[in-house]
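Presented below is the structure to which this report refers.
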Amino acid sequence: MAKKKPEGYLSAKESRRISRENRRITGEFEKQRKRKNVPESEYLTQMKDPNNAVEFDNLHTYFYTDVGTVKAVDGVSYEVPIGKTVGVVGESGCGKSVTSLSLMQLLQRPQGQIVEGAIRLNLGDKAYDITKAPNTVMQNLRGNYISMIFQEPMTSLNPVFRIGDQLNEVIALHDGEGKSKEDVKRRTIELLELVGIANSEGVYRMYPHELSGGMRQRVMIAMALACNPRIIIADEPTTALDVTIQAQVLDLLRHLKDKINSSIMFITHDLGVIAEMADYVVVMYAGRIVEKGTAEEIFAHPAHPYTIGLMASKPVVGKQVEKLYSIPGKVPNPVNMPNYCYFKDRCEMQCEACAGAYPHEISLSETHKVSCYRYYEKNGKGGEA
């Protein structure tokens, strides 16, 4: 009797076949991406709503690995309105950062590729579809229109260059036309003061290791704001900071957003931060959006069992519990996702319909949407959004 192979086992032959197939697929995408002199008409588009800074429309971002295809972002659609903050929340590995890296076109290539969908970026007088924009165009958009505050400032700043040199480089590259070295330095000092660094002249000459975590994070925020971008992606900017510094950084971001009238995509695990910062909330699970709405709707009336579980697992001041709630089970294998609701195996509110295909999005109000079978009957929509 043949010995049964363990689950997830891949033979060398099968692994080679997957690698060959991956090279063929990613090669096609890379060829498109590296084209030069692409006519603007190819990536020009129209915003569905001109009041939005960014629109994600059915975005699919996959990673072609040696063990199979990981659908990191699997049909995500949401908007970031101009001048508003959208909080994207969910556990590690649910696709929050990959969505933002798709917008920046900073995915780990050639393995990571945008396979389907559109990302419409509002430039004011026109709109570009980021998924079709070639590398040369993206170099102009990054920094000028979209910028990112990364998760860990120590790994984002170059340890061998002074803070001033690193900020000067950003300004000279994106906004340096007609500016002398003195002008660039003056703008750098101005930015350091803008983010609340008192000793700006001293910090200008320092190296990253001479600064505390909070100071480094302020430098990263200064770098992101250097060219007054239309949209700022804050990827867990307060994770490595203590609570008092975290509060200062959040205040700073809120104040600066209003000052330059830009939008913020705020990615975090922390529901407390989301409640304080966000106008709209998007809840992601296993590469898909399970619920979205205004911050008030999500916090006052959470609809999806996953959102309800997240709310229940956060500590509440003045409420004594023996043990904090945690959502049972684990996230499904990203290489082999089920064809039913991804949360079904962990859900404590299952109904008969849950055995069916992945649920469609249901509208609970004009802004509040949820993907859950529990709302099909109530809305009488039979699964239509």
Side-chain angles (χ1 to χ4, degrees), residues 83-85 87 142-268 270 272-279:
K84 300 288 184 189
T85 300
R142 282 188 216 113
N144 291 328
Y145 293 95
I146 332 159
S147 65
M148 193 163 182
I149 303 162
F150 289 94
Q151 201 163 342
E152 178 44 70
M154 197 63 212
T155 55
S156 307
L157 291 166
N158 193 323
V160 299
F161 290 109
R162 295 178 195 273
I163 296 296
D165 292 337
Q166 297 190 51
L167 270 164
N168 287 351
E169 186 184 18
V170 174
I171 295 161
L173 183 67
H174 293 287
D175 195 25
E177 214 172 303
K179 284 186 178 169
S180 66
K181 280 188 177 179
E182 282 68 37
D183 293 337
V184 170
K185 182 179 176 179
R186 203 176 303 117
R187 174 69 176 143
T188 298
I189 299 285
E190 199 181 289
L191 282 166
L192 290 173
E193 284 167 1
L194 185 70
V195 296
I197 293 174
N199 177 23
S200 51
E201 289 276 0
V203 169
Y204 181 89
R205 292 189 297 273
M206 286 180 183
Y207 288 95
H209 71 268
E210 295 179 85
L211 301 178
S212 67
M215 292 282 267
R216 284 197 291 263
Q217 195 61 282
R218 284 166 191 267
V219 170
M220 285 304 300
I221 293 170
M223 207 176 273
L225 299 175
C227 307
N228 295 342
R230 286 176 171 269
I231 181 153
I232 301 161
I233 302 164
D235 188 358
E236 305 198 25
T238 58
T239 303
L241 309 176
D242 61 65
V243 182
T244 47
I245 303 297
Q246 179 172 310
Q248 289 172 17
V249 169
L250 294 179
D251 276 344
L252 175 67
L253 274 171
R254 205 181 295 113
H255 165 70
L256 294 172
K257 180 199 79 168
D258 297 336
K259 198 166 183 177
I260 62 174
N261 192 32
S262 61
S263 313
I264 295 182
M265 234 175 99
F266 203 98
I267 297 166
T268 184
D270 194 330
V273 169
I274 288 284
E276 194 180 327
M277 284 289 291
D279 300 298

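All values reported here derive from a predicted model rather than from experimental measurement.
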All heavy atoms of Gly87 vs all of Ala278, minimum pair found to be N-CB, 3.7 Å
Shortest non-hydrogen pair, Tyr204 vs Arg162, comes out as O-CB, 4.1 Å
Quiz prompt | Any side-chain heavy-atom pair of Ile197 and Val219 under 4.5 Å | solution = yes
Quick note, side-chain hydrogen bond (donor to acceptor under 3.5 Å, both in side chains) partners involving residues 208-226, not counting sequence neighbours, are Arg218-Gln248
Taking the side chain as every heavy atom from C-beta outward, state whether Gln246 and Asp270 have any pair of such atoms under 4.5 Å apart. yes
Distance col, row Met148:CE vs Asp235:CG, nearest 0.5 angstrom, shows 4.5 Å
Do Ile171 and Leu191 have side chains that approach each other closer than 4.5 Å (heavy atoms only, starting at C-beta)? yes
dist Ile146:CD1 -> Ile232:CD1 (nearest 0.5 Å) comes out at 12.0 Å
Of Thr268, Val273, Ile221, Ile149, the one forming a side chain to side chain contact (heavy atoms under 4.5 Å, CB included) with Pro237 is Ile149
So CG of Leu167 and CZ of Phe161: to nearest 0.5 Å the spacing works out to 13.5 Å
Result block: side-chain N/O donor-acceptor pairs under 3.5 angstrom for residues 252-267, not counting sequence neighbours:
from	atom 1	to	atom 2	distance (Å)
Arg254	NH1	Asp251	OD1	2.9
Arg254	NH2	Glu276	OE2	3.1
Lys257	NZ	Gly83	O	3.4
Lys257	NZ	Thr85	OG1	3.4
Ser263	OG	Pro81	O	3.0
Ser263	OG	Gly83	N	3.1

Can you confirm whether Lys185 sits close enough to Glu201 that some side-chain heavy atom of one is under 4.5 Å from a side-chain heavy atom of the other?
yes
Heavy-atom nearest pair, Ala224 first then Pro229, reads O-CG, 3.4 Å
In short, side-chain hydrogen bond (donor to acceptor under 3.5 Å, both in side chains) pairs touching residues 186-199 with sequence neighbours left out are Asn168-Thr188, Asp183-Arg186, Arg187-Glu190, Glu193-Ser200
Side chains of Pro208 and Ile163, heavy atoms from C-beta outward: is any pair under 4.5 Å?
yes
